[in-house]
Amino acid sequence: MDFYRRMAVIGDHIPYGKVATYGQIALLCGKPDNSRQIGYALKRGKAGEDFPAHRVVSGQGNLSGAAAFATPTLQKSLLEKEGVWVNEEGKVDLKKFRWQHTMAEALAFNKIFESNNI
DNA sequence: TAGGTGACGCGGT
DNA sequence: CACCGCGCCACCT
């Protein structure tokens with residue numbers, strides 16, 4: 001199974017104006033313990049150019065920080081542009097803005113993985 | 001080949 | 001709240 005290709009599929013479905021956590025994406029990829037690999041993949045562009053990296057935050061709602069983007073405030077501005085509030089600490093309220101993916105969506109991803117053999 | 005390092009997460013102290 | 005420790009694993013030294 002191709003973790004990064006699965007990740008790219010998920011990235012296509014993270015809704016505009018919502019965020020997903022590393023762990024959530026790892027889970028949807030079928031590897032619940034591989035949250036570290038999500039960060040690694042984003043850093044190296046392994047999930048493709050189209051992946052909405054700015055919509056990925058930690059399990060506590062923290063943005064990735066200055067190092068991960070071209071400018072220290074890029075992720076924040078990208079999120080705010082889509083209506084996601086980011087507080088002074090560089091954190092988003094997950095209760096409000098986390099992508100609440102449904103079980104049906106998770107199953108749909110599995111079907112996509114299956115039919116594409118990834 | 002062994003050991004260290006992360007855009008992480010969870011549990012414990 | 002802060003700071004461990006551990007699991008995880010692709011990639012470096």
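The sequence lines fix the lettering, A, B, ..., with proteins before strands; numbering per chain opens at 1. Model, not experiment: these values are computed from the prediction.
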Asks: Strictly under 3.5 Å: I want the nitrogen or oxygen pairs between protein and nucleotides 2-5 of chain B, one per line.
Replies:
none

Asks: Does the side chain of Tyr40(A) pick up a donor-acceptor pair with the side chain of Arg44(A) at under 3.5 Å?
Replies: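 The criterion, which ignores hydrogens and geometry beyond distance, is satisfied for Arg44(A) and Tyr40(A).
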Asks: Taking pairing as Watson-Crick or G-U wobble with both contacts under 3.5 Å, can you name the mate of dA2(C), or confirm there isn't one?
Replies: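 Across any shown strand, dA2(C) pairs with dT13(B).
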Asks: Work out which heavy atom in Asp2(A) is nearest to a heavy atom in Arg5(A); give both atom names and the distance.
Replies: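 Shortest heavy-atom separation between Asp2(A) and Arg5(A) comes out as OD2-CD, 2.8 Å.
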Asks: Between dA7(B), dG9(B), dC12(C), spot the one nearest the side chain of Leu42(A), thanks.
Replies: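 For the Leu42(A) side chain, the nearest candidate turns out to be dA7(B).
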Asks: If only atom types and distance count, is the side chain of Asn116(A) paired as donor or acceptor with the main-chain N or O of Ile118(A) below 3.5 Å?
Replies: no
Asks: So, for Thr21(A) and Arg98(A), which heavy atoms are closest and what is the spacing to 0.1 Å?
Replies: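 The pair with the smallest heavy-atom distance is CG2-CD, 4.0 Å.
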Asks: Would you confirm whether Arg6(A), through its side chain, and Cys29(A), through its main-chain N or O, come within 3.5 Å as a donor-acceptor pair?
Replies: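 Yes; at least one donor-acceptor contact below 3.5 Å.
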Asks: Produce the list of close N/O pairs, under 3.5 Å, pairing protein atoms with atoms of nucleotides 7-10 of chain C; give distances to one decimal.
Replies:
from, atom 1, to, atom 2, distance (Å)
dG7(C), O6, Arg36(A), NH1, 3.2
dC8(C), O3', Asn34(A), OD1, 3.4
dC9(C), O4', Gln37(A), OE1, 3.0
dC9(C), O2, Gln37(A), NE2, 3.1

Asks: With heavy atoms under 4.0 Å as the rule, sort Ala53(A) into base, sugar-phosphate or nothing.
Replies: base
Asks: Tell me yes or no: between the side chains of Gln24(A) and His101(A), is some donor less than 3.5 Å from an acceptor?
Replies: yes
Asks: For residues Ile14(A) and Ile25(A), determine if any side-chain heavy atom of one lies less than 4.5 Å from a side-chain heavy atom of the other.
Replies: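 Result yes, sub-4.5 Å side-chain heavy-atom pair found.
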Asks: Met7(A) and Leu42(A): which non-hydrogen atoms are nearest, and at how many Å?
Replies: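 Looks like CE-CD2, 3.6 Å.
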Asks: State whether the side chain of Glu89(A) and the backbone N or O of Asn62(A) hold a donor-acceptor pair below 3.5 Å, judged by distance alone.
Replies: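 Here the side-chain-to-backbone pair does not exist.
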Asks: Relative to the 5' end of DNA chain B, which residue comes earlier, Gln60(A) or Gly39(A), by the nucleotide with the nearest heavy atom?
Replies: Gly39(A)
Asks: Extract from the structure each pairing of a protein N or O with an N or O of nucleotides 1-3 of chain C at less than 3.5 Å, listing the distance.
Replies:
none

Asks: Should the pair Lys18(A)-Glu82(A) be classified as a salt bridge under the 4.0 Å nitrogen-to-oxygen rule?
Replies: no
